[in-house]
Amino acid sequence: MAASDLAALAALFADETRAAFLLALLDGRAWTAGELARHAGVAPSTASEHLGRLVTGGVLAEERQGRHRYVRLADAGIAHLVEDLTARSEPAVAAPPRSLGAAGAGRAMARGRTCYDHLAGRLGITITAAMTARGLLRQDTGFALTDPGLAWFGALGIPLERRGRRPVARGYLDRTERRPHLAGIAGAALCRHALDAGWCVRIGSERAVKVTGKGRSALYASLGIAPEELR
């Protein structure tokens with residue numbers, strides 16, 4: 001990459017409206033231009049201009065269905081970059097929440113959330129630690145599923161669809177816990193299974209998730225995670 005290419009990529013992130021779009025899209029869903037405009041509090045024409053730059057720059061992927069234009073983050077690498085920049089840009093001392101609602105939302109996000117397509121927060125850290133303790137995941141020489149780990153996914157009926165160059169397992173430094181959680185193909189597959197099987201449900205309008213009673217039972221049975229660790 002030439003210096004000019006790096007500067008051009010950085011410039012795409014260096015705008016508050018575009019940053020608001022990228023943070024919203026960390027939930028892994030496709031949003032319409034209108035939804036993003038309302039989220040960021042800008043006019044539809046302004047949103048369209050910013051989205052055009054992000055799509056042209058390869059940060060967002062675009063698809064159209066009828067009159068609607070949907071955008072999502074281009075890939076997991078962009079999601080990781082946004083999350084990493086978010087962690088690095090947070091002040092050393094966090095500002096106090098502006099309301100009780102904001103405080104509750106912040107606690108919920110720290111307890112458990114999705115980061116693009118995998119589980120993060122204390123929930124993601126707890127699952128990753130339990131998998132490592134049981135020998136399903138190795139962290140000593142980089143993140144890698146062991147043979148028992150691959151068998152564990154198979155026993156739960158969770159397919160690991162290998163596409164492109166995305167690694168099966170990838171460690172990602174959690175921005176609230178400052179410890180690595182599981183990402184990559186395995187992290188995405190586990191998150192998808194947790195939501196589809198009813199182990200977790202989304203709460204509120206952010207990326208927060210909470211573990212259900214069914215999920216607490218399943219995680220105790222499959223990973224030995226005590227229910228109190230998930231509250």
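Quick note: residue numbers are just sequence positions, from 1.
Within a 6.0 Å radius of CZ in Arg216, more than 12 heavy atoms belonging to other residues, nucleotides or ligands are found. Remark: Phe13 CZ is packed, more than 12 non-hydrogen atoms of other residues, nucleotides or ligands lying under 6.0 Å away. Other residues, nucleotides and ligands contribute more than 12 heavy atoms inside 6.0 Å of the CG atom of Asp196. Atom CD of Glu63 has more than 12 neighbouring heavy atoms from other residues, nucleotides or ligands inside a 6.0 Å radius.
The closest donor-acceptor contact from the side chain of His193 to the backbone of Ala189 lies at 3.5 Å or more, if one exists at all. Using a distance-only test at 3.5 Å, with no hydrogens or angles considered, no donor-acceptor pair links the side chain of Arg111 to the main chain of Leu123. Listed for the Thr132 side chain is no donor-acceptor partner under 3.5 Å among the backbone atoms of Arg138. Side chain of Asp75 to main chain of Ile78: a donor-acceptor pair is present (N/O by atom type, distance under 3.5 Å, no hydrogens or angles). Using modelled atom types, no side-chain atom of His50 and backbone atom of Ala47 make a donor-acceptor pair closer than 3.5 Å. For the pair Trp152 (side chain) and Leu223 (backbone), a donor-acceptor distance under 3.5 Å is absent. Asp174 contributes a side-chain N or O that, together with a main-chain N or O of Gly121, makes up a donor-acceptor pair within less than 3.5 Å. Here the side chain of Arg18 pairs a donor or acceptor atom with the backbone of Leu12 at under 3.5 angstrom.
Taking the six-membered ring for Trp and thresholds of 30 and 60 degrees, Tyr172 and His181 have ring planes inclined between 30 and 60 degrees apart. Taking the six-membered ring where the residue is Trp, Trp31 and His39 present perpendicular rings, their angle passing 60° and hence far from 30°.
The CD1 atom of Ile225 sits 9.5 Å away from atom CE of Met131, with the distance rounded to the nearest 0.5 Å. Distance CZ/Arg113 to CZ/Arg122: 10.0 Å, rounded to 0.5 Å. To the nearest 0.5 Å, the span separating CG on Leu26 from OH on Tyr116 amounts to 9.5 Å. Going from atom CD1 of Ile158 over to atom SG of Cys191 covers 10.5 Å, rounded to the nearest 0.5 Å.
The closest side-chain heavy-atom distance from Phe143 to Thr128 is below 4.5 Å. For the pair Val82/Leu25, no side-chain contact is recorded, criterion being any heavy-atom separation below 4.5 Å from C-beta on. Here the side chains of Glu161 and Ile185 are not in contact, with every heavy-atom distance at 4.5 Å or above. Side-chain contact between His118 and Arg170 is absent, with no heavy atoms from C-beta onward closer than 4.5 Å.
Exactly one residue among Val71, Leu60, Asp15 makes a side-chain contact (heavy atoms from CB on, under 4.5 Å) with Leu54. That residue is Leu60. Test Arg207, Arg166, Arg29 against Asp117 for salt bridge (charged side-chain N to carboxylate O under 4.0 Å, His left out) and you get one pass: Arg166. Here the options are Thr114, Val211, Leu230, the test is side-chain contact (heavy atoms from CB on, under 4.5 Å), and the partner is Cys200; only Val211 passes.
By the rule that hydrophobic residues join a cluster once side-chain heavy atoms approach within less than 4.5 Å of another member, Ile203 and Trp199 end up as members of separate clusters.
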